[in-house]
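Report on the following structure.
Because the structure is a prediction, the values reported are computed rather than measured.
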Amino acid sequence: MKTRLLRLLGPLVALGLATTAAQARDIVRIGVLDYWHTEHSLDQWQPTQDALNRALPDYDFRIEGLDLYALDTGLAEHRLDFVITNPGNYAVLEHDHGISRIATAQNGLPVASTVITRGGMERLTELAGKRLAIVAPEAFGGFQVIWSEMQKVDPRLPAQVELVTTGYPMQRVAEAVLAGRADAGVLRSCMLEDLQTSYPDRFGALTAFALNPEASATTQCATSSAIYPGWPFAKAPQTTPELAKQVAVALLQMKAGNLWTVPLDYQPVHELMRELQIDPYARTVPVSVQEFIDDYREWLIVFAAALMFWALYSVRIETLVRRRTRALDEANAHLKDEMIERQRAEAADRQHLRELEHVARLSILGEMASSIAHELNQPLSAISNYAQGCLLRIKAGRFSEEDMKRASEEMAGQAERAALVVKRIRAFVRKRESQRAPVDMAALLEDSAAIYAASTNRAGVSVDLALADDLPPVMADRVQLQQVILNLVQNAIDAMEETPPQERGLIIRAARHDDPSRGAGLCLSVRDYGHGMTPQAMEHFAEAFYTTKPEGVGLGLALSRSIVEAHEGWMRAEQPEDGQGLRVVIWLPAGDQDEL
């Protein structure tokens with residue numbers, strides 16, 4: 001019975017002892033970069049895990065597939081003892097966490113990159129303006145290697161490519177190209193061939209490009225970049241040197257599965273990162289002038305050329321501005337001189353016109369001189385007669401107070417009559433500046449009649465003055481309008497020299513008249529029964545220096561028309577309805593009734 005019990009308990013005791021021994025083994029964690037998928041990473045590095053467990057039975061080696069971020073976190077939290085990763089990530093972890101390589105893988109996928117597309121491509125420059133799928137910006141074979149190759153071809157090329165980040169695992173890059181989310185993608189060399197072998201229907205439409213023939217011959221796969229040292233096996237800072245030494249010896253003694261060799265030189269990896277200025281070589285200090293020039297040489301050349309062009313353009317613009325400013329100044333000075341000369345000419349013209357008007361008034365007065373003298377002679381003769389009569393009565397002693405009073409009143413009246421004639425003549429011929437004010441046309445015609453009455457009486461011309469009751473006032477120079485009226489009357493008297501005395505007549509009319517284009521106003525007409533004007537002479541009516549008088553100079557009517565037009569009116573000649581004589585019509589705009 002006792003023996004039988006011992007036989008039953010023996011295996012259980014042995015199993016318990018084995019479990020206790022396993023629990024006593026130290027666990028050693030090895031983080032492996034998982035760029036494909038976890039099962040693939042574990043299968044790929046399983047021979048290494050088995051070899052280490054056989055060589056070092058006191059330790060329990062366990063491989064964990066991690067992405068870039070999990071590897072960094074595991075080292076930071078001291079949860080990993082060893083790391084197997086790509087050369088680029090090793091350089092970063094070496095700088096950030098102080099890991100150190102103890103061996104380098106001899107077999108497995110080559111550390112290089114390949115560009116894949118669904119179409120053809122012969123040069124990296126064809127990626128300009130395209131979408132490029134990458135696993136991550138930190139991925140060495142999945143981006144940084146091709147980035148370096150693009151910069152070698154054309155430093156401007158990386159900036160011309162739109163990056164599409166897919167994340168791990170790396171086959172997502174191939175799926176992004178197949179789905180049309182990217183025009184091209186970046187994989188580790190030989191990875192597309194493996195995918196097409198495993199899934200020909202899914203990835204058969206993709207093409208890998210051997211842009212580096214020498215590297216492609218070495219890897220036996222289409223390769224687009226240079227080949228870099230294999231994946232390193234590195235220890236974490238907290239791993240003891242004794243364990244690291246035992247692990248290194250075990251790795252170098254492996255004869256099958258994953259083969260390892262002594263650590264290789266990773267200087268090419270550091271040179272690539274230094275050129276790209278990434279990770280350990282990212283700039284954290286102020287950039288020197290030489291570095292700035294080296295980085296932006298082409299942009300600086302473009303900027304210098306643009307600056308030079310701008311400077312030349314500015315100089316040219318400044319020169320043109322100065323030249324045109326000088327020309328404008330000269331033109332302005334010339335215009336000022338012209339304006340001064342024009343003002344002087346206008347002033348001279350006005351002065352000349354005033355002189356002509358004054359001469360014309362004197363001419364009119366000269367033509368009326370004999371009549372005016374006769375007109376003045378009558379009151380002077382009356383005064384003389386009254387004075388002589390008074391003297392005779394005084395000498396004879398036959399006078400009374402009533403007679404002397406009557407004689408004095410008569411002499412005073414005749415003297416006032418003569419003084420009024422002289423006053424009107426002096427006002428008419430006096431030189432003065434033009435002064436416009438509201439003028440009552442009826443009053444002006446009555447005053448003018450006192451001047452031309454002597455001439456009409458002496459010439460035997462009857463005057464018919466017809467004035468409407470509702471004449472509007474006009475804004476005018478009174479003397480100038482009176483000059484126009486007297487000139488028209490004198491011309492009419494001259495035109496009737498050969499007319500029979502019984503037929504000589506002058507009709508002066510004034511009435512309200514609205515001009516269709518100029519508005520309200522009044523119309524003044526002077527009609528005579530003289531010889532009139534021929535159609536040819538009518539065409540030259542009021543034209544300067546044209547006259548039908550044998551001794552005329554042709555200025556009277558021309559000045560009259562100028563005066564009327566200066567008052568914004570018009571003057572023209574008409575053939576009367578009965579065909580005898582001539583009618584001169586003047587229209588003047590109405591002024592303001594309130595100003596009278």
Side-chain angles (χ1 to χ4, degrees), residues 26 28-35 41-59 61-66 68 71 74-75 80-113 140-141 144-145 188-190 214-215 217-221 223 225-274 279-281:
D26 292 333
V28 179
R29 291 182 171 82
I30 304 174
V32 175
L33 177 61
D34 180 20
Y35 64 90
S41 299
L42 295 178
D43 291 343
Q44 180 182 359
W45 301 106
Q46 187 65 42
T48 297
Q49 175 180 308
D50 296 341
L52 291 175
N53 282 325
R54 287 193 301 270
L56 301 172
D58 294 335
Y59 296 94
F61 290 91
R62 298 180 182 180
I63 290 179
E64 299 178 7
L66 306 172
L68 292 173
L71 282 176
L75 288 172
L80 298 178
D81 301 293
F82 294 94
V83 172
I84 302 174
T85 186
N86 66 45
N89 183 237
Y90 165 73
V92 175
L93 297 179
E94 181 184 36
H95 175 268
D96 294 344
H97 301 288
I99 67 173
S100 56
R101 60 189 182 278
I102 60 176
T104 299
Q106 278 186 292
N107 57 355
L109 294 179
V111 181
S113 298
F140 185 71
Q144 293 174 351
V145 171
R188 282 190 60 181
S189 292
C190 299
E214 182 178 350
T218 302
T219 61
Q220 300 298 312
C221 299
T223 304
S225 70
I227 302 175
Y228 291 85
W231 285 34
F233 193 109
K235 79 175 193 68
Q238 74 272 10
T239 303
T240 63
E242 291 76 10
L243 177 60
K245 181 178 180 180
Q246 295 177 32
V247 170
V249 171
L251 292 175
L252 295 176
Q253 290 178 348
M254 288 181 62
K255 302 300 182 180
N258 306 125
L259 301 181
W260 299 89
T261 185
V262 296
L264 299 181
D265 181 15
Y266 286 80
Q267 187 60 31
V269 178
H270 288 275
E271 291 178 356
L272 180 147
M273 293 186 170
R274 188 180 294 110
D279 297 322
Y281 301 97

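By the 4.5 Å heavy-atom criterion applied to side chains, V111 and F140 are counted as neighbours. Within the 4.5 Å cutoff, the side chain of L33 has heavy atoms near those of the W231 side chain. At least one side-chain heavy atom of T48 sits less than 4.5 Å from a side-chain heavy atom of F233.
Counting heavy atoms of neighbouring residues, nucleotides and ligands inside a 6.0 Å radius, atom CD of E214 does not exceed 12 of them.
A side chain to side chain donor-acceptor pair (under 3.5 Å) with T104 is found for exactly one of Y90, Y266, W260, namely Y266.
The backbone N or O of Q106 sits nowhere less than 3.5 Å from a side-chain atom of T261 that would complete a donor-acceptor pair. Side chain of T239 to main chain of D81: a donor-acceptor pair is present (N/O by atom type, distance under 3.5 Å, no hydrogens or angles). Judged by distance alone, with hydrogens and angles left aside, the side-chain atoms of Q144 form no donor-acceptor pair with the main-chain N or O of G141 at under 3.5 Å.
Taking CG of L80 as the start and CG of L71 as the end, the distance is 6.5 Å to the nearest 0.5 Å. The distance from the CZ atom of R62 to the CG atom of L52 is 14.0 Å, given to the nearest 0.5 Å. Rounded to the nearest 0.5 angstrom, N258 CG and I84 CD1 are separated by 7.5 Å. Taken from NZ in K235 to CG in L243, the straight-line distance is 9.5 Å, to the nearest 0.5 Å. The CG atom of D43 lies 10.5 Å from the CD1 atom of I63; values are rounded to the nearest 0.5 Å. Separation of atoms CD (E64) and CD (Q49) is listed at 10.0 Å; rounding is to 0.5 Å.
The minimum heavy-atom distance between N107 and L259, with the atom names listed, is OD1-N, 3.3 Å. Scanning both residues, S113 and S225, for their nearest heavy atoms gives N-OG, 2.9 Å. A91 and P280 get closest at one heavy-atom pair: O-CG, 3.8 Å. The two atoms that bring G88 and M273 nearest to each other are O-CE, 3.0 Å, heavy atoms only. Residue G65 comes nearest to D34 through the heavy atom pair C-CB, 3.9 Å, listed as atom of the first residue, atom of the second, then distance. Contact record, N89 with N86: N-OD1, 2.6 Å, taken as the closest heavy-atom pair.
Note: F82 and F61 have tilted aromatic rings, judged against thresholds of 30 and 60 degrees for the angle between ring planes.
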